[in-house]
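Single-structure report; data block below.
Labels below follow one simple rule: chain letters A, B, ... track the order of the sequence lines, proteins then strands, and each chain is numbered from 1.
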Amino acid sequence: MSAIDQDKHIKTYMIVFVTLLALTVVTVAISYLHMSVIPAIALGLFVATVKGSLVAAYFMHLIGEKKLIIWVLIFTALFVLGLLLLPVFMHADRLENYYVS
Amino acid sequence: MEIPYAVKTRPDTGLNNGKLAIWLFLASEVMLFGALFSSYVLLRTGAANWPEGSQFLNIPLATLNTVLLISSSVTVILAWSSLAAKNVKKFRIYMLLTILLACGFLVVKYFEYAAKFNHHYYPSTNTFLAIYFTMTGLHVIHVLGGLAIKLYHLFPGFKVYKEDPERYLGRIELTGLYWHFVDLVWIFLFPVLYLL
């Protein structure tokens, strides 16, 4: 890696770092707004997804990563979607009340 | 006989063994934590009452932990970047900083857990605490694992750099990828458990 390339990379890492810190402040601030449950969850998860995407894209170098890795992750995302849909299916089958605390 | 594509990349995929292996491993970890997140959704939607995170949990401490982990993610990538530029001194400094930040996270977690046990809040107390301790406990185990690997590469494992610098750089890259994943899990755990 040439010195100029490295400087450019480091600049990118620092910009992402500052953005992540700012989004952490935003995340905590949202919780103090006392929104109703579903919008609060949606907004909180949206901010978390943006933060996660920044870490994945820039720190984990997923931008410009080889195709095979991207395909592995697409498959993983589909399976995770299935995992997260399971509670939805259980709700549709009226089964969630079996787990009341 | 040398294992092929340990350092050199395969011409068809453009990857070496370690790169593909770590991403496959991270994919399995996504399923592991994904299963717990899914369980959380099920437990919460099925519960008659669900406490607010602030009732049991310390948000300022967890915010500090978030900052510590995000900072350690930056220092680990700066460590790799320094090593790629053959600056061993800077690599060592950034790697040590990463280790210190990870230890800071664990110290804060210790105080969090200790405070809960002092108040007689255990995993068996209620469902919220059960899923909280399970998810953060599993995350702590992952932090400990990452810490162990970093300490290994910085001290006894450093001799590989002298024998084969490219191979060592690859190992540091994979260590960094694992560490970013650990940070990523916390980025989701923090709002889900503490704030929502």
*Below 4.5 Å from any heavy atom of chain A, which atoms of T66(B) appear? Answer side chain, backbone, both or neither.*
side chain
*Examine whether an atom of V192(B) lies under 4.5 Å from a heavy atom of chain A, and if so say whether it belongs to the side chain, the backbone or both; otherwise answer neither.*
side chain
_For a 4.5 angstrom cut-off between non-hydrogen side-chain atoms, does L86(A) reach L42(B)?_
no
*Heavy-atom side-chain contact between H9(A) and I77(B) under 4.5 Å*: no
*asked:* A side-chain contact here means heavy atoms from C-beta on lying under 4.5 Å apart; do V76(B) and F59(A) qualify?
replied: no
*If you count heavy-atom pairs under 4.5 Å with chain A, which of W23(B), F181(B), W179(B), F188(B) comes out on top?*
W23(B)
*With side chains defined as the heavy atoms from C-beta onward, is the minimum distance between T9(B) and K66(A) less than 4.5 Å?*
no
*asked:* Which atoms of R44(B) are under 4.5 Å from chain A, going by heavy atoms: the side chain, the backbone, both sets, or neither?
replied: side chain
_At a 4.5 Å cut-off on heavy atoms, which part of S71(B) comes close to chain A: side chain, backbone, both, or neither?_
both
*Name the region of L195(B), side chain, backbone, both or neither, that has any atom closer than 4.5 Å to a heavy atom of chain A.*
both
*Using modelled atom types only, decide if a donor and an acceptor are shared between the side chain of T76(A) and the backbone of A27(B) within a distance under 3.5 Å.*
no
*Do the side chains of V47(A) and P191(B) get nearer than 4.5 Å, heavy atoms only?*
no
_Test item: L15(B) and E65(A) side chains (from C-beta on) under 4.5 Å apart, heavy atoms_ = yes
*Pairs in or reaching into residues 50-59 of chain A: which pass side chain to side chain donor-acceptor pair (under 3.5 Å), with residues at least two apart or in two chains?*
T24(A)-K51(A)
*asked:* Does any backbone or side-chain atom of I187(B) lie under 4.5 Å from a heavy atom of chain A? Answer side chain, backbone, both or neither.
replied: both
*asked:* Can you confirm whether T75(B) sits close enough to F17(A) that some side-chain heavy atom of one is under 4.5 Å from a side-chain heavy atom of the other?
replied: no
*Examine whether an atom of K19(B) lies under 4.5 Å from a heavy atom of chain A, and if so say whether it belongs to the side chain, the backbone or both; otherwise answer neither.*
both
